[in-house]
J.: 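This structure is in structure tokens; I'll ask about it shortly.
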There are 2 protein chains.
Amino acid sequence: MEVKKLKMSMTNVLKSDLKKILLDCGIQPSFQRLAIFEYLYQHDVHPTVDMIYRSLSRDIPTLSKTTVYNTLNLFIKKGIVTGLTIEENEMRYDYNVKPHLHLKCTKCKKIWDIKCDASFSNLNLIEGHRILEKQVYLKGICRSCLKKQKK
Amino acid sequence: MEVKKLKMSMTNVLKSDLKKILLDCGIQPSFQRLAIFEYLYQHDVHPTVDMIYRSLSRDIPTLSKTTVYNTLNLFIKKGIVTGLTIEENEMRYDYNVKPHLHLKCTKCKKIWDIKCDASFSNLNLIEGHRILEKQVYLKGICRSCLKKQKK
DNA sequence: TTCAAATTTGAATTGAATCCAAATTAATGT
DNA sequence: ACATTAATTTGGATTCAATTCAAATTTGAA
């Protein structure tokens with residue numbers, strides 16, 4: 001009971017915080033947009049459009065997939081969400097303010113976050129080109145699959 | 001006349017070299033495969049499947065797009081070609097043995113090669129994950145577009 | 001030459017992403 | 001409150017890269 005109450009109030013505080021972030025970016029925080037933003041905030045598994053759509057559809061039965069696409073493209077344009085193309089077939093979306101890298105496991109296909117320890121130079125000018133955005137994509141075998149291999 | 005002759009013999013030398021590379025990788029160097037490999041070797045502009053197909057079709061009218069897809073996937077599996085997903089909509093292919101980064105210009109949409117000066121750590125184990133492949137995707141404004149801006 | 005395996009081909013299919021016009025909702029002015 | 005305009009959402013249709021698959025062709029071995 002106590003825990004549930006606390007959790008609910010936390011959720012509410014969070015929602016208003018997220019609303020503020022959207023407003024600060026000049027994005028009207030509509031019901032759908034806030035729901036999608038909240039989903040991204042709570043699910044750091046680099047979800048696909050379909051995952052977001054299927055999950056939110058249960059609560060918002062009228063939700064359209066086009067709205068999910070529209071909203072995510074808007075978020076990307078405003079810079080609060082990143083689109084990952086490490087998956088060859090479909091885009092994945094990521095809300096993460098801290099700089100980090102992505103590793104795709106070739107075994108389990110999961111995309112892991114790697115805390116970036118500034119291992120990559122933070123120049124903003126390389127060979128005369130102005131660098132605005134950096135993404136490091138790693139491919140390999142994740143530690144959980146490595147453990148399974150050993151057995 | 002002299003130049004043409006020289007160029008032809010160079011092309012021949014090159015072709016047999018490329019054939020050897022394929023054989024060394026356990027790839028039967030069929031006419032189509034060799035043509036696709038040669039195209040990648042000569043065109044470092046990160047071509048799409050369609051670009052490769054349209055160009056080679058003029059010399060090989062019976063060429064099928066599926067063959068291009070099959071061949072490129074085979075090359076990737078054998079590790080002599082890299083597939084770039086920096087473009088959000090379509091795959092681009094790259095034959096380049098030397099380590100390098102890719103920069104996509106947000107203005108002219110071109111993908112530039114950046115000579116990698118080992119600016120990224122070459123660990124093969126990060127946070128317990130085994131790293132097999134690294135790709136650094138940069139986005140920004142290329143030097144040629146920056147020059148145009150200044151005028 | 002003959003037969004089996006490898007390779008190529010093109011039509012059909014899949015599915016992520018976009019387009020677009022209509023419907024709905026929110027914002028503004030009177 | 002009401003009307004009018006703008007912003008947002010919706011779903012069906014469309015696009016197009018990529019894959020599937022069975023048939024045709026080519027290659028290699030016996």
Side-chain angles (χ1 to χ4, degrees), chain A residues 18-19 22-23 25-40 46-78 80-94 104 109 111, chain B residues 19 22-23 25-39 46-78 80-94 104 109 111:
Chain A
L18 294 177
K19 200 179 274 188
L22 291 184
L23 282 169
C25 295
I27 298 169
Q28 207 55 235
S30 74
F31 183 68
Q32 288 89 337
R33 284 172 179 169
L34 195 59
I36 293 166
F37 192 42
E38 192 185 25
Y39 183 92
L40 284 174
H46 316 285
T48 64
V49 163
D50 204 59
M51 287 162 73
I52 300 168
Y53 171 73
R54 283 214 310 274
S55 172
L56 294 180
S57 284
R58 284 178 300 184
D59 291 328
I60 316 169
T62 63
L63 185 68
S64 165
K65 219 170 205 174
T66 306
T67 301
V68 182
Y69 275 108
N70 289 342
T71 303
L72 290 171
N73 286 336
L74 180 69
F75 287 174
I76 289 175
K77 208 174 69 184
K78 295 290 185 176
I80 56 172
V81 160
T82 316
L84 305 182
T85 50
I86 191 171
E87 283 284 345
E88 55 287 327
N89 48 339
E90 60 186 338
M91 191 80 132
R92 283 163 175 274
Y93 297 89
D94 191 21
K104 185 187 174 185
K109 313 294 179 193
I111 297 181
Chain B
K19 199 179 276 189
L22 292 184
L23 282 168
C25 296
I27 298 169
Q28 207 54 234
S30 74
F31 183 68
Q32 289 89 337
R33 285 172 179 169
L34 195 59
I36 292 166
F37 192 42
E38 193 184 24
Y39 182 92
H46 315 285
T48 64
V49 163
D50 203 59
M51 286 162 74
I52 300 168
Y53 171 73
R54 282 214 310 275
S55 172
L56 294 180
S57 284
R58 287 178 298 185
D59 293 327
I60 315 168
T62 62
L63 184 67
S64 165
K65 218 171 205 176
T66 306
T67 301
V68 182
Y69 276 107
N70 288 341
T71 303
L72 290 171
N73 286 336
L74 180 69
F75 286 174
I76 289 175
K77 208 173 70 184
K78 296 289 185 176
I80 56 172
V81 161
T82 316
L84 304 183
T85 50
I86 192 172
E87 283 285 344
E88 56 286 329
N89 47 341
E90 61 186 337
M91 191 81 131
R92 282 163 176 274
Y93 298 89
D94 191 21
K104 186 188 174 185
K109 313 294 180 192
I111 297 181

J.: Here's a test of your reading of the structure: between A:Y53 and B:T66, which maps to the more 5' nucleotide of DNA chain D?
T.: A:Y53
J.: Rounded to whole angstrom units, what separation is found between the CG atom of A:L34 and the P atom of D:dT9?
T.: 11 Å
J.: Among C:dC20, D:dT8, D:dG28, which nucleotide has an atom closest to any side-chain atom of A:R33?
T.: D:dT8
J.: Between A:S30 and C:dA26, is there a side-chain N or O to OP1/OP2 distance below 4.0 Å?
T.: no
J.: Could you give the OH-to-P distance, from B:Y69 to C:dT14, as a whole number of Å?
T.: 17 Å
J.: Between D:dA18 atom P and B:I52 atom CD1, what is the distance in whole Å?
T.: 11 Å
J.: Could you give the CD-to-P distance, from A:Q32 to D:dT9, as a whole number of Å?
T.: 5 Å
J.: Round to the nearest Å and state the distance from A:N70 atom CG to C:dT25 atom P.
T.: 17 Å
J.: Is the phosphate of C:dT18, meaning OP1 or OP2, less than 4.0 Å from a side-chain N or O of B:N89?
T.: no
J.: Output the single nucleotide from C:dG10, D:dT10, D:dT9 whose closest atom is nearest the side chain of B:S64.
T.: C:dG10
J.: Closest approach of B:I60 and B:A35, non-hydrogen atoms and distance?
T.: CD1-CB, 3.8 Å
J.: Working to the nearest 0.5 Å, report the span between NZ of B:K65 and CD1 of B:I52.
T.: 11.0 Å
J.: Nearest 0.5 Å, please: how far is CG in A:N89 from CE in B:M91?
T.: 9.5 Å
J.: Would you indicate what A:T62 reaches in the nucleic acid, counting non-hydrogen atoms under 4.0 angstrom: base, sugar-phosphate, or nothing?
T.: sugar-phosphate
J.: What nucleotide, of D:dG28, C:dT9, D:dA18, holds the atom closest to the side chain of B:T67?
T.: C:dT9
J.: Just how far, in rounded Å, is P of D:dT19 from CE of B:M91?
T.: 8 Å
J.: Figure out the CD1/C1' separation between B:I60 and C:dT9, and round it to whole Å.
T.: 13 Å
J.: Look at the side chain of B:E90 and decide which nucleotide, out of C:dT8, D:dG28, D:dA17, has an atom nearest to it.
T.: D:dA17
J.: Taking CG from B:L74 and P from C:dA6, how many angstroms apart are they, rounded to a whole number?
T.: 13 Å
J.: Please find the pair of heavy atoms, one from A:R33 and one from A:T71, that lie closest to each other, and give the distance.
T.: CG-CG2, 3.8 Å
J.: Only one of A:L40, A:L74, A:I27 forms a side chain to side chain contact (heavy atoms under 4.5 Å, CB included) with A:I80, so which one is it?
T.: A:I27
J.: Any side-chain N or O of A:Q28 less than 4.0 Å from the OP1 or OP2 oxygen of C:dA27?
T.: yes
J.: Any side-chain N or O of B:N73 less than 4.0 Å from the OP1 or OP2 oxygen of D:dA18?
T.: no
